[in-house]
Amino acid sequence: MNKFTCVADLGPLDRALAEAADIKRNRFAYTGLGRNRTLLMIFFNSSLRTRLSTQKAAMNLGMNVMVLDVNQGAWKLETERGVIMDGDKAEHLLEAIPVMGSYCDIIGVRSFAGLKDRDEDYEERVISQFIRYSGRPVFSMEAATRHPLQSFADLITIEEFKTKPRPKVVLTWAPHPKALPQAVANSFAEWMNATDYDFVITHPHGYELDPAFTGGARVEYDQRRAFEGADFIYAKNWSAYMAPNYGKVLSTDRDWTVDAAKMALTDNARFMHCLPVRRNMIVTDDVIESERSIVIPEAANREISAQVVIKRMLEGLPH
Ligand code: AN0
Ligand code: CP
């Protein structure tokens with residue numbers, strides 16, 4: 001595998017899930033694979049889970065790992081071509097990328113949406129330049145429009161916890177004080193559409209996502225009705241996608257917070273969130289602490305999803 005940015009890059013999901021289960025049974029079965037190989041993880045944005053789980057996955061495979069926080073200690077990078085660089089940016093991405101590629105075998109990149117220019121974000125300019133110019137396999141650690149390692153971990157988690165073959169999975173918008181990207185929601189929708197689950201999205205009017213990701217998924221504007229009979233509640237905030245409000249917070253209405261009364265409408269659903277989560281905005285303390293909450297095993301599966309992807313990239317490297 002040479003790139004991992006979306007569900008299609010993983011091929012058949014049943015095979016990927018079997019590989020994930022195999023790795024989970026013995027995550028040290030392939031420690032020889034990464035010998036003398038180096039993973040470079042590049043962060044343009046903050047992270048707790050992605051940083052730790054991806055590094056752990058690479059170490060499980062016997063790799064060396066280097067981590068660069070671009071905004072802490074590296075030169076500030078210009079990302080646009082044609083700019084007269086007389087400002088505060090000392091280096092261009094077009095030199096930085098091949099230089100970084102020359103020190104490693106595989107690259108992971110985190111680069112969030114700027115939420116100012118929708119076309120720029122949805123063209124995925126940063127990660128596509130890494131794919132084009134690094135000369136290395138590149139995987140997304142959350143790019144502008146998708147967070148595929150998260151969605152893969154979410155899928156593994158649902159498969160582990162589901163009690164019926166075709167569970168009802170509900171993606172619900174929930175309030176947050178700051179503007180967040182659509183990446184986690186887009187990606188989750190894309191992955192759920194690749195399964196045969198009963199998938200429903202609920203959000204206030206104005207929070208419609210890009211149909212390129214949601215496809216034919218059912219949208220129910222009444223959150224309580226969407227929750228009826230659900231087996232999994234997947235909460236996430238995102239800012240508006242639709243013009244002219246792209247990147248804006250249209251509502252912080254706490255009537256959309258996931259609480260125990262709403263969870264009582266479900267079929268004893270499991271509660272999921274990718275984390276980090278703002279308590280009593282997205283979800284109440286009692287719901288996230290309840291025995292139905294699976295946010296911790298969900299986060300733990302990030303190590304497994306990352307390990308499947310890095311393993312496949314290592315297997316594809318020339319000897
Ligand atoms: C980020 C987001 O919503 O994309 C990362 C989530 C994994 N969340 C925040 O910035 C709070
Ligand atoms: N879920 C997730 O990607 O968390 P981090 O932003 O902490 O990496």
Side-chain angles (χ1 to χ4, degrees), residues 4-6 39 41-58 65 67-72 108-116 118 121-122 124 126-127 139-158 171-191 201 203 207 209-210 213 234-241 246-252 256-258 271-283 288 293-307 309-310:
F4 177 69
T5 63
C6 61
L39 170 68
M41 295 160 60
I42 301 161
F43 288 93
F44 289 83
N45 309 92
S46 305
S47 167
L48 185 153
R49 278 144 292 275
T50 304
R51 179 181 301 261
L52 297 177
S53 61
T54 311
Q55 181 159 359
K56 177 63 162 57
V65 183
V67 183
L68 180 68
D69 289 294
V70 173
N71 298 320
Q72 285 168 24
V109 183
R110 165 163 286 201
S111 173
F112 288 177
L115 298 180
K116 290 193 175 70
R118 186 171 91 172
D121 289 342
Y122 275 66
E124 288 286 8
V126 174
I127 196 156
F139 64 89
S140 164
M141 302 196 295
E142 186 173 340
T145 64
R146 294 179 175 95
H147 192 359
L149 285 175
Q150 181 65 51
S151 310
F152 185 15
D154 296 335
L155 176 66
I156 295 168
T157 310
I158 293 172
L171 166 62
T172 181
W173 181 93
H176 190 282
K178 298 205 166 131
L180 297 186
Q182 298 91 36
V184 171
N186 282 343
S187 205
F188 187 71
E190 184 175 72
W191 286 66
I201 305 174
H203 55 67
Y207 278 100
L209 294 162
D210 182 352
F213 300 93
Y234 191 96
K236 183 71 184 86
N237 173 268
W238 61 89
S239 60
Y241 166 74
Y246 179 71
K248 295 215 169 78
V249 175
L250 306 179
S251 163
T252 50
W256 279 79
T257 301
V258 178
F271 176 80
M272 299 178 73
H273 189 280
C274 64
L275 308 181
V277 73
R278 290 193 184 227
R279 284 179 174 220
N280 304 308
M281 287 296 296
I282 302 278
V283 58
I288 198 164
S293 167
I294 52 173
V295 296
I296 307 304
E298 179 185 0
N301 277 331
R302 291 291 306 276
E303 178 181 341
I304 307 303
S305 64
Q307 196 169 334
V309 169
I310 299 169

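Remember, it's 1-based here, ligands and their atoms both numbered in the order they're listed.
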### Task
Quick one: do Tyr234 and Phe188 satisfy ring pair (Phe, Tyr, Trp, His ring centres under 6.0 Å)? Show the steps, please.
CA-CA 9 Å; Tyr234 191 96; Phe188 187 71; 3.8 Å; yes
### Query
Non-hydrogen atoms of Arg302 versus ligand 2: any pair closer than 4.0 Å?
yes
### Query
Can a non-hydrogen atom of Gln150 be found less than 4.0 Å from any atom of ligand 2?
yes
### Query
Does ligand 1 have any atom that is closer than 4.0 Å to a heavy atom of Pro181?
yes
### Task
Report yes or no: does a heavy atom of Trp238 sit under 4.0 Å from some atom of ligand 1?
no
### Task
Check Met141 against ligand 2 and report side chain, backbone, both or neither, counting heavy atoms closer than 4.0 Å.
neither
### Sub-4.0 Å atoms of ligand 1 with respect to non-hydrogen atoms of Leu275
7 (C)
### Task
Say whether Arg110, considering both its backbone and side-chain N or O atoms, lies within less than 3.5 Å of an N or O atom on ligand 1.
no
### atom 7 (O) of ligand 2 - nearest protein heavy atom and its distance
Leu48 N, 2.7 Å
### Query
Non-hydrogen atoms of Asn237 versus ligand 1: any pair closer than 4.0 Å?
no
## Note on the structure
shortest atom 3 (O) of ligand 1-to-protein heavy-atom contact is with Lys236 NZ, 2.7 Å
### Message
Could you check, using the six-membered ring where one of them is a Trp, whether Tyr241 and Tyr122 have ring centers closer than 6.0 angstrom?
### Response
yes
### Task
Quick one: look at Glu298 and ligand 2, take heavy-atom pairs under 4.0 Å, and tell me if it's side chain, backbone, both or neither.
neither
### Message
Students should be able to answer this: which protein heavy-atom is nearest to atom 9 (C) of ligand 1, and at what distance?
### Response
Leu180 CD2, 3.6 Å
### Task
Give the residue, atom name and distance (to 0.1 Å) of the protein heavy atom nearest atom 5 (C) of ligand 1.
Glu142 OE1, 3.4 Å
